[in-house]
Chemist: 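Below: one structure in structure tokens.
Note that the structure is a prediction, hence the values are computed from the model and not measured. Side chains included, hydrogens not; waters and symmetry mates left out as well; all remaining heavy atoms used.
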Amino acid sequence: GRDPDRRSCRFDLGRPELPYGLRISLANGNLNSKADTRKAAEYVSDLSGGYNVHVIYGATYGPRTDTLAYFLALDGIDTGRMKYAHDELNEHFSLSPQVGPLLIGFSRGCVDLRNALLMYPDEQRQKVWCLALAPGGYIYKETCGDLKHYRVPLKDDFVGYVDKQGAERE
């Protein structure tokens, strides 16, 4: 059979949901295993007081393939991971149309979230809060209600410095 880490998917931690229809969703970066992504989601959950985190897991295929897919996604080309971001947003808005989720992306996950948000109507996008960590691509301010990018020093991670146009824009 196929390695389950090599299949993009959505999953959650099975913890209690936030009240009032709020939701935390997390999208991983390149070269992150499913186990590592789960650990990141557990950390975010613990910081939130133990609430559930919904994960948009993009499978990793190694440095060369992940890098190629990253640059294609940076140019707006869907490499298959964006479907899961759409599924996550669609599910959230079907359950809680009045409030938006907190979307946390790191590295490549920010690109997937940015590309997915571009396809939603402004009314829905303005309800979404975004937190972009070491962003592989910058999320546009006009595609969400609130946004914060955190870029680490270049010596620690170069990915946040690749999307120069996005960084200048934001």
Chemist: Would you say the side-chain atoms of Ser96 pair up with the backbone N or O of Phe93, donor to acceptor, closer than 3.5 Å?
Modeler: no
Chemist: Using the salt bridge (Lys or Arg N to Asp or Glu O under 4.0 Å) criterion, which residues pair with Arg38? Sequence neighbours excluded.
Modeler: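 Arg38 satisfies salt bridge (Lys or Arg N to Asp or Glu O under 4.0 Å) with no other residue.
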Chemist: For His92, which residues count as a ring pair (Phe, Tyr, Trp, His ring centres under 6.0 Å) partner, sequence neighbours excluded?
Modeler: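 So His92 forms no ring pair (Phe, Tyr, Trp, His ring centres under 6.0 Å) with any residue.
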Chemist: Would a 4.5 Å heavy-atom cut-off, applied to side chains only, mark Leu117 and Cys130 as touching?
Modeler: yes
Chemist: Apply side chain to side chain contact (heavy atoms under 4.5 Å, CB included) to Ala40 and list each qualifying residue two or more places apart in sequence or on a separate chain.
Modeler: Phe106
Chemist: Would you say that Phe71 contacts Thr67 through its side chain, given a criterion of any heavy-atom pair below 4.5 Å between the two side chains?
Modeler: yes
Chemist: Could I get the full list of side-chain hydrogen bond (donor to acceptor under 3.5 Å, both in side chains) partners for Lys83, not counting sequence neighbours?
Modeler: Asp87
Chemist: So is Lys39 actually on top of Tyr43's ring, under 6.0 Å and inside 45° of the axis?
Modeler: no
Chemist: Do you reckon Leu72 sits in the same ILVMFWY cluster as Val111, going by side-chain contacts under 4.5 Å, direct or chained?
Modeler: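 Different clusters: Leu72 never reaches Val111 through Ile, Leu, Val, Met, Phe, Trp or Tyr contacts under 4.5 Å.
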Chemist: I need the minimum non-hydrogen distance between Pro135 and Cys110, along with the two atoms involved.
Modeler: CA-SG, 3.7 Å
Chemist: What are the two closest non-hydrogen atoms of Gly137 and Leu74, and how far apart are they?
Modeler: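 Residues Gly137 and Leu74, closest heavy atoms: CA-CD1, 3.9 Å.
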Chemist: Applying side-chain hydrogen bond (donor to acceptor under 3.5 Å, both in side chains), can you list everything that pairs with Tyr120, at least two apart in sequence or on another chain?
Modeler: His86, Asn90
Chemist: Are the side chain of Asp78 and the backbone N or O of Gly80 linked by a donor-acceptor pair below 3.5 Å?
Modeler: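 Such a contact is found between Asp78 side chain and Gly80 backbone.
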Chemist: Please examine the side chains of Ile24 and Val44, heavy atoms only from C-beta on, and report whether any two atoms are closer than 4.5 Å.
Modeler: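 Side-chain contact under 4.5 Å: yes.
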Chemist: Of all residues at least two apart in sequence or in a different chain, which pass the side chain to side chain contact (heavy atoms under 4.5 Å, CB included) check with Thr37?
Modeler: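 Checked Thr37 against side chain to side chain contact (heavy atoms under 4.5 Å, CB included); matches are Leu26, Asn28, Asn32, Val55, Tyr57.
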Chemist: Which residues pass the salt bridge (Lys or Arg N to Asp or Glu O under 4.0 Å) test with Asp122, not counting sequence neighbours?
Modeler: Arg125
Chemist: Are Ser48 and Arg15 close enough, and set up right, to give a side chain to side chain donor-acceptor pair (under 3.5 Å), and what steps lead you there?
Modeler: CA-CA 11 Å; Ser48 77; Arg15 296 180 178 183; over 6 Å; no
Chemist: Taking the side chain as every heavy atom from C-beta outward, state whether Ile56 and Leu113 have any atom pair closer than 4.5 Å.
Modeler: yes
Chemist: Does a side-chain heavy-atom distance below 4.5 Å link Tyr51 with Leu22?
Modeler: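 They are not in side-chain contact.
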Chemist: Could you give the distance from CG (Asp112) to CG (Leu103), rounded to the nearest 0.5 Å?
Modeler: 11.5 Å
Chemist: In this structure, would Leu131 and Ile139 fall into the same cluster of hydrophobic residues linked by side-chain contacts under 4.5 Å?
Modeler: no
Chemist: Quick one: salt bridge (Lys or Arg N to Asp or Glu O under 4.0 Å) partners of Asp36, sequence neighbours excluded?
Modeler: none
Chemist: Once salt bridge (Lys or Arg N to Asp or Glu O under 4.0 Å) is applied, do any residues pair with Arg23, and if so which ones, sequence neighbours excluded?
Modeler: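 For Arg23, the residues satisfying salt bridge (Lys or Arg N to Asp or Glu O under 4.0 Å) (neighbours in sequence not counted) are Glu88, Glu91.
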Chemist: What residues form a side-chain hydrogen bond (donor to acceptor under 3.5 Å, both in side chains) with Asp146, not counting sequence neighbours?
Modeler: none
Chemist: Return the set of residues passing side-chain hydrogen bond (donor to acceptor under 3.5 Å, both in side chains) with Asp66 (not counting sequence neighbours), or none when no residue passes.
Modeler: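 With sequence neighbours excluded, Asp66 shows a side-chain hydrogen bond (donor to acceptor under 3.5 Å, both in side chains) to Thr60, given in chain and number order.
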Chemist: Work out which heavy atom in Arg114 is nearest to a heavy atom in Ala73; give both atom names and the distance.
Modeler: NH2-O, 3.8 Å
Chemist: Decide yes or no for Leu118 and Met82: does some side-chain heavy atom of the first lie under 4.5 Å from some side-chain heavy atom of the second?
Modeler: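 Contact flag for Leu118/Met82 side chains = no.
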Chemist: Donor-acceptor pair, distance only, cut-off 3.5 Å: does the side chain of Tyr84 make one with the backbone of Gly58?
Modeler: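 Between the backbone of Gly58 and the side chain of Tyr84 there is no qualifying donor-acceptor contact (under 3.5 Å).
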Chemist: Could you tell me which non-hydrogen atom of Val99 sits nearest to which non-hydrogen atom of Lys127, and how far apart they are?
Modeler: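 The pair with the smallest heavy-atom distance is C-CB, 4.2 Å.
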Chemist: Do Lys34 and Cys9 touch side chain to side chain, with heavy atoms closer than 4.5 Å?
Modeler: yes
Chemist: Are Leu18 and Val53 connected, step by step, through hydrophobic side chains (Ile, Leu, Val, Met, Phe, Trp, Tyr) whose heavy atoms are closer than 4.5 Å?
Modeler: yes
Chemist: Taking all non-hydrogen atoms of both residues, which atom of Leu89 and which atom of Pro101 are closest, and how far apart?
Modeler: CD2-CG, 4.0 Å
Chemist: What is the minimum heavy-atom distance between Gln126 and Glu142, and which atoms define it?
Modeler: NE2-O, 3.1 Å
Chemist: In this structure, would Leu13 and Leu102 fall into the same cluster of hydrophobic residues linked by side-chain contacts under 4.5 Å?
Modeler: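 Same cluster.
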Chemist: Would a hydrophobic clustering, with Ile, Leu, Val, Met, Phe, Trp and Tyr connected at side-chain separations under 4.5 Å, put Ile104 with Leu147?
Modeler: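 They do not share one cluster, since no chain of ILVMFWY contacts under 4.5 Å joins Ile104 to Leu147.
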Chemist: Could you tell me which residues satisfy ring pair (Phe, Tyr, Trp, His ring centres under 6.0 Å) with His149, sequence neighbours excluded, listed by chain and number?
Modeler: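 Partners of His149 by the ring pair (Phe, Tyr, Trp, His ring centres under 6.0 Å) criterion, ordered by chain and then number, come out as Tyr138.
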